Visitor: 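The structure under discussion is supplied below as C-alpha cells; questions concerning it will follow.
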Number of protein chains: 2
Amino acid sequence: MHKKNPDIYFLSENNLPFSDFLHFGMSTDCVIFGYKDKSLRVLLIQRGAEPYLDNWAIPGDLVYPEEDLDSSADRILQHLTGLENIYFEQFHTFGRVDRHPVGRVITVGYYSLVRTDNHKPVASTWAKEVKWFDINELPPLGFDHEEILQKALANLRKKVRTEPIGFELLPEKFTLLELQGVYEALLNMRFDKPNFRKKILSMDLVTPLNEVESNVAHRPAKLFNFDKERYDARKKNEISFEL
Amino acid sequence: MHKKNPDIYFLSENNLPFSDFLHFGMSTDCVIFGYKDKSLRVLLIQRGAEPYLDNWAIPGDLVYPEEDLDSSADRILQHLTGLENIYFEQFHTFGRVDRHPVGRVITVGYYSLVRTDNHKPVASTWAKEVKWFDINELPPLGFDHEEILQKALANLRKKVRTEPIGFELLPEKFTLLELQGVYEALLNMRFDKPNFRKKILSMDLVTPLNEVESNVAHRPAKLFNFDKERYDARKKNEISFEL
DNA sequence: AAACTTATAGTACTTTTTACTTTAAGAAAA
DNA sequence: TTTTCTTAAAGTAAAAAGTACTATAAGTTT
C-alpha cells in the first residue's frame with residue numbers, strides 16, 4: 001500500500017510514493033562543432049565500452065548527483081578539448097522511454113562551437129578514438145545520437161541567423177572572407193562577396209585591426225576581430241543581429 | 001568499494017556504480033499561454049500541497065517511469081484544460097542542484113498555446129485554484145518558476161517571428177485585426193493596420209471565408225482561417241515565415 | 001438620412017537587398 | 001623591372017521590401 005506523499009507538484013491520479021519517481025538517470029551530450037577548410041565538422045568519439053561498443057557517438061556523460069546540467073556539459077567539453085570558456089548552449093532534452101538500453105536515462109543535449117586550430121582532442125579511457133567528421137560525411141551513430149545531432153544542427157542553423165555566434169568558430173583575428181566561409185558552411189549557402197562584406201561592416205560589430213593576413217599568394221586581406229563588448233551593450237537595447 | 005561498472009558513455013574519473021546515477025527525479029512544467037481582450041495570459045495553479053503550499057506555480061507533474069517526456073506534458077495539458085491536440089513545444093530543461101527543496105528533480109519546460117474561448121480550466125485535488133494571469137500582472141511564483149516562465153516567454157517571442165504559431169491562440173475563424181491583436185500582444189509592439197494586413201495576405205497562408213463577423217457595432221470584417229496544409233507543404237521547400 | 005466606426009484598397013516614399021562593375025594592392029612569373 | 005595573376009575592397013544601379021499615410025467602402029447606430 002502506498003501512502004499519500006509530499007508530492008512535488010501533484011502526483012496525479014496514482015498515489016505512488018515519492019521515491020518511485022527518483023529512478024531516472026541523467027546525462028548530457030555535447031555536439032561539438034568546428035570549422036576547417038571551408039566545411040563544418042563535428043567531434044565524435046568511438047565508444048570503448050558497452051553498450052554500442054566501437055560505435056561512433058556524441059561525447060557525453062552521466063550527470064553527477066551534485067552537479068548542475070551546465071557544469072556537466074562544461075566538464076565534458078574541457079575533458080575532451082582541454083579548452084576553457086568554450087561557447088555552448090543547451091538545445092533540447094531527449095527522454096524516449098527506450099532510448100537507452102541500460103535503463104531510463106534522460107539526456108540533455110548541448111551544442112558547442114570551438115576554434116579547431118586551438119587544440120587537438122585526444123582519445124582516453126572512455127573513448128578509443130576522437131575524430132572530426134565533416135557534417136556531410138557522418139558515420140552511423142549509436143543510441144539516438146543521429147536524431148540528437150540533426151536537432152543540434154537545426155538549432156545551430158537557426159541561432160546563427162539571429163545571434164553573432166559564427167565568430168566562435170574562428171580565431172580571434174580573421175578576414176571577412178574567412179567569416180563568409182563560416183557562414184556559408186553553417187548555412188550551406190553562398191553569399192555574394194561584396195554584399196556580405198557590406199552587411200557585416202554595416203553591423204559595426206567587427207573592428208578592423210592594423211594587421212593583414214600573411215603567407216598568401218595575393219593581396220593580403222585586413223584582419224578583424226569581433227567586438228563582443230559592443231554587441232553585449234547593444235543587446236540590452238534589444239537590437240538584433242540578422243543575416 | 002565501488003567496482004567498475006558498465007558505464008553509459010563514460011563515468012569519467014570517479015568509478016561510481018551505475019545505480020548511484022539513477023537518483024534523479026524528473027518532471028515537466030507547462031507554461032500555458034492564452035489570449036483574450038488584446039492581452040497575453042498565462043494559466044497558473046495555486047498549489048494545494050507542500051512545498052510552496054498556497055503559492056502560485058506553473059502547472060506540472062513528475063514524469064512517470066514509463067512515460068515519454070512529451071506524453072507527460074500532453075497529459076498535464078489535457079488534465080488541466082480538457083482539450084486534445086493542443087500545440088506545445090519543449091523549450092528548456094532546468095536542473096540546478098538546489099532548484100527543488102525535496103530532492104534532485106530536473107524539470108523539462110514546455111510552453112503551450114491554447115484557444116481560451118474553447119475551455120474553462122478547473123481546479124482539482126492537486127490545485128486549489130486555476131487562473132489566467134495577464135502576462136504583465138503575474139503573482140510571485142514558487143520554485144524557480146519565475147525563471148522558467150520568463151524563459152518560456154522569451155522562447156515563444158522568438159519562435160513566433162519565424163513560424164506561424166500565433167494562429168494557435170485564435171479560434172478557427174478569425175479576422176485580420178484579431179490576428180494583429182495576437183501579434184501585438186505576443187511581441188508587445190504595435191503594427192500599422194493596412195501594412196499588417198498586406199503582409200499577412202501576401203504570405204498566402206490564410207484563406208478568406210464567405211463569412212463575416214457578427215454582433216459588432218460597425219462594418220463586420222471578413223473571417224479567415226489558417227491554411228495549415230499549405231504551410232506544411234511549403235515548409236518542406238524551406239520557405240520561411242517572417243514577421 | 002446623417003453620423004459614426006471599422007474594413008479595405010491604394011499611393012508615395014524610404015530603406016534594404018541583390019546583382020554586378022570597377023579599381024586597388026600585393027605576389028609571382030617572365 | 002615589367003607583366004600577369006589573384007583577391008581585396010569600393011562603388012553603382014535596379015529591384016524588392018518595408019513604412020507612413022490617405023481615401024473610399026460598408027456596415028451600425030442615432
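Order of the sequence lines fixes the chain letters, A, B, ..., with proteins taken first and strands second; residue numbering starts at 1 for each chain. Note that the structure is a prediction, hence the values are computed from the model and not measured.
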Visitor: Could you encode protein contacts along nucleotides 2-10 of chain C as a string, one character per nucleotide from 5' to 3', using B for base contact, S for sugar-phosphate-only contact and - for no contact, with a heavy-atom cut-off of under 4.0 Å?
Guide: ---BBBBBB
Visitor: Is it the case that over 12 heavy atoms from other parts of the model lie below 6.0 angstrom from the CD atom of Glu172(A)?
Guide: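 Check fails, neighbour count at 12 or below.
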Visitor: Return the value, rounded to whole Å, for the distance between atom NZ of Lys199(A) and atom C1' of dA10(D).
Guide: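 Between C1' of dA10(D) and NZ of Lys199(A): 19 Å.
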Visitor: Strictly distance-based, threshold 3.5 Å: is any side-chain N or O of Asp144(B) a donor or acceptor partner for the main-chain N or O of Glu147(B)?
Guide: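 Flag not set: sc Asp144(B) to bb Glu147(B) has no pair under 3.5 Å.
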Visitor: When the distance from CD of Glu211(A) to P of dA8(D) is rounded to whole Å, what number comes out?
Guide: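 Rounding to the nearest Å, CD of Glu211(A) and P of dA8(D) are 17 Å apart.
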Visitor: Can you check the Asn215(A) CG to dG26(C) P distance for me, whole Å?
Guide: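 That distance rounds to 16 Å.
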Visitor: Looking for any heavy atom pair under 4.0 Å, which part of the strands does Val212(A) touch: base, sugar-phosphate only, or nothing?
Guide: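 The answer is nothing, as Val212(A) stays clear of every strand by at least 4.0 Å.
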Visitor: Okay, side chain of His145(A), backbone of Ile58(A): is any donor-acceptor separation there less than 3.5 Å?
Guide: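 The answer is yes, because a donor-acceptor pair under 3.5 Å joins these two groups.
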Visitor: Using the side chain to side chain donor-acceptor pair (under 3.5 Å) criterion, which residues pair with Ser72(B)? Sequence neighbours excluded.
Guide: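 Expected list: Thr28(B).
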Visitor: Under 3.5 Å, side chain of Thr107(B) to main-chain N/O of Ser27(B), donor-acceptor pair present?
Guide: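 Looks like yes, one N/O pair under 3.5 Å.
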Visitor: Over 60° means perpendicular and under 30° means parallel, so tell me whether Phe167(A) and Tyr183(A) are parallel, tilted or perpendicular.
Guide: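 Ring orientation of Phe167(A) relative to Tyr183(A): perpendicular.
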Visitor: Over how many whole Å does the gap from Met203(A) atom CE to dT17(C) atom C1' extend?
Guide: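 That distance rounds to 12 Å.
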Visitor: Taking CD from Glu178(A) and C1' from dA8(D), how many angstroms apart are they, rounded to a whole number?
Guide: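 Rounding to the nearest Å, CD of Glu178(A) and C1' of dA8(D) are 13 Å apart.
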